[in-house]
2 protein chains.
Amino acid sequence: MKKINVILVDDHSLVRDGIKSLLKDSLDIEVIGEAGNGVELFNLLKNTLPDIAILDISLPGESGIELTKKIKTQYPQIDVLILSMYLQEDFVLNAVKAGARGYLPKNTSKAELLTAISEINQGNDYFSSEISRIMLKSYFHKAKAVEETKNKAELLTKREKEILKMVAEGMHNSQIAEKLFISTRTVESHKTHILQKLEINNSVDLVKFAIKNGIIDLNKSEK
Amino acid sequence: MKKINVILVDDHSLVRDGIKSLLKDSLDIEVIGEAGNGVELFNLLKNTLPDIAILDISLPGESGIELTKKIKTQYPQIDVLILSMYLQEDFVLNAVKAGARGYLPKNTSKAELLTAISEINQGNDYFSSEISRIMLKSYFHKAKAVEETKNKAELLTKREKEILKMVAEGMHNSQIAEKLFISTRTVESHKTHILQKLEINNSVDLVKFAIKNGIIDLNKSEK
DNA sequence: ATTTTCTTACGTGAAACACGTAAAACATTG
DNA sequence: CAATGTTTTACGTGTTTCACGTAAGAAAAT
């Protein structure tokens with residue numbers, strides 16, 4: 001079986017050595033290069049293509065997140081695993097957005113590091129449970145917020161919900177009127193009632209309401 | 001120190017016995033009641049108020065999620081921990097929405113169960129790492145989707161972004177004009193340009209764009 | 001120095017909003 | 001079944017925004 005080729009990027013050679021020694025025992029993984037910053041990394045990549053790049057997040061010059069973006073643009077086949085002391089939500093989220101496949105705290109156990117590398121090599125994402133839990137907080141926080149407003153939607157009649165949906169999908173009054181075989185004035189009336197019932201002042205907040213309540217799907221509607 | 005009082009709700013008495021024996025050794029936790037379904041549970045609660053209710057998700061009659069809702073309505077001080085064989089995202093998310101403070105798979109280790117109970121008793125949420133990771137998938141899936149459209153926002157000038165933000169916050173053209181000391185016609189012009197650049201046809205999609213790109217925060221804006 | 005981009009702004013007709021009023025159509029229930 | 005309440009339909013009027021075109025001065029880039 002082909003080994004998993006790894007490049008380490010960290011400005012502290014001690015840290016690189018530590019990781020190297022952790023990985024040395026593994027028969028599946030080989031460290032084929034090291035870099036201390038972004039410049040070194042991209043020089044290295046010219047001749048040496050790894051399967052996985054393990055990046056520290058705080059580096060001199062460009063940050064690990066910036067490097068991740070660059071790597072994914074220029075070498076999309078390389079998977080990026082972030083190692084970081086920082087566990088704040090923002091960091092993790094930005095890393096993921098930049099294209100990282102995994103995120104581990106620096107005090108990760110050897111076993112978890114190996115698991116992460118192997119998972120990522122198989123095409124999966126990997127995040128330590130600590131990271132997971134941090135991310136979940138905000139995830140659930142939002143889920144709960146949704147639930148709080150949800151009851152308000154029950155105030156609307158069937159027709160009103162129907163129209164709210166169409167409005168939130170971006171249809172004009174005239175289009176809605178045509179589709180429902182009613183006059184535009186009626187559509188306006190419904191809208192007014194909806195705004196009153198939801199205690200909302202403008203159609204912008206109406207859209208937000210619709211999104212929050214799952215009446216429309218943010219990631220689907222715009223074609 | 002006062003013990004943590006727990007009620008177990010599961011229709012299989014064997015499972016209840018299993019959990020009881022796991023908890024028996026702990027000096028901090030005491031099982032003060034058991035129920036096999038919702039009716040039994042609420043009869044029990046009339047006389048016996050636990051700190052934490054540990055619910056199976058699949059019960060005869062009302063589901064664990066429905067019971068969670070009821071519990072949180074009638075006895076909001078009781079924290080709910082869900083035990084379940086089912087790890088699908090929907091289940092977990094619904095449990096959280098219903099008010100559960102934690103969610104564990106049924107094959108949880110004793111140690112993790114104790115940790116969960118203790119965390120919840122201290123007012124924290126607790127989700128097993130397996131659960132966390134499942135939830136994260138969809139969380140990050142969305143985060144990535146955001147990133148894909150994000151580049152479009154770079155097309156906008158500073159002024160345009162400024163105005164987009166105000167529009168998405170629900171401000172009228174006149175209000176924006178006033179705040180920026182420009183005419184409403186200029187605001188209109190900016191809007192037109194924004195729509196053109198983003199290839200968007202209406203202000204509804206504009207709001208969606210703003211939300212997707214983190215220009216405004218769904219959970220903050222409406223007061 | 002010249003081209004491009006950004007910010008500002010207007011004209012015009014169509015559409016939408018805000019706020020009030022109100023008549024049918026349905027439901028509910030006393 | 002009559003009465004009351006809710007839902008759906010609709011209009012009037014004045015204000016605001018939209019859509020589409022045009023354009024000039026300021027700032028930035030080449």
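Predicted, not measured: the structure shown is a model, and the values here were computed from it. To find a chain, count down the sequence lines: A is the first, B the second, and so on, and within it residues start at 1. Heavy-atom basis, side chains included; hydrogens, waters and symmetry copies ignored.
- Between A/Leu180 atom CG and D/dT8 atom C1' there is a gap of 11 Å when expressed in whole angstrom units.
- The distance between atom CD1 of B/Ile194 and atom P of D/dC18, rounded to the nearest whole Å, is 11 Å.
- The shortest distance between side-chain heavy atoms of B/Ile71 and B/Leu55 falls below 4.5 Å.
- For A/Ile182, taking side-chain heavy atoms from C-beta onward, the closest of the listed nucleotides C/dC17, D/dA10, C/dT8 is D/dA10.
- Residue A/His172 is classed as a sugar-phosphate contact, given heavy-atom separations below 4.0 Å to backbone atoms only.
- By the neighbour-count criterion of 12 heavy atoms within 6.0 Å, atom CD of A/Gln175 is densely surrounded, having more than that number from other residues, nucleotides or ligands.
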Test log, rule salt bridge (Lys or Arg N to Asp or Glu O under 4.0 Å), inputs A/Arg101 and A/Asp125: CA-CA 5 Å; A/Arg101 298 300 293 266; A/Asp125 291 345; 2.7 Å; yes

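- Between the CZ atom of A/Phe181 and the C1' atom of D/dT8 there is a distance of 16 Å, given to the nearest Å.
- Distance from the side chain of A/Lys158 is smallest to D/dT8 among D/dT8, C/dA9, C/dA18.
- The phosphate of D/dC18 has OP1 or OP2 within less than 4.0 Å of a side-chain N or O from B/Asn173.
- Residue A/Thr186 places none of its side-chain N or O atoms closer than 4.0 Å to OP1 or OP2 of D/dT9.
- Nearest-nucleotide positions on DNA chain C for A/His193 and A/Met171 put A/Met171 closer to the 5' end.
- Between B/Lys191 and the phosphate of D/dT17, there is no side-chain N or O to OP1/OP2 separation shorter than 4.0 Å.
- A/Ser174 comes within 4.0 angstrom of the backbone, heavy atoms only, and of no base.
- The CD atom of B/Gln196 sits 15 Å away from the C1' atom of C/dT7 (whole-angstrom rounding).
- Within the 4.0 angstrom heavy-atom criterion, only backbone atoms of the sugar-phosphate kind lie near A/Ser183; the bases stay farther away.
- No salt bridge links B/Lys191 with B/Glu160; every basic N to acidic carboxylate O contact stays at or beyond 4.0 Å.
- Remark on DNA chain C: of its neighbouring residues A/Gln175 and B/His190, the 5'-side contact belongs to B/His190, judged by nearest-heavy-atom nucleotide.
- Remark: the B/Arg185 side chain and the C/dT12 base include a donor-acceptor N/O pair separated by less than 3.5 Å.
- In this structure, A/Lys161 atom NZ and D/dT8 atom C1' are separated by 16 Å, rounded to whole Å.
- Regarding B/Glu188, its CD atom lies at a distance of 16 Å from the P atom of C/dA15, rounded to whole Å.
- Straight-line distance from the CD1 atom of A/Ile176 to the P atom of C/dA15: 15 Å, rounded to whole Å.
- For the 3.5 Å distance criterion, the side chains of B/Thr192 and B/Ser189 fail to qualify, holding no donor opposite an acceptor.
- Across the protein-nucleic acid pair, A/Glu178 atom CD and D/dT9 atom P stand 16 Å apart, rounded to whole Å.
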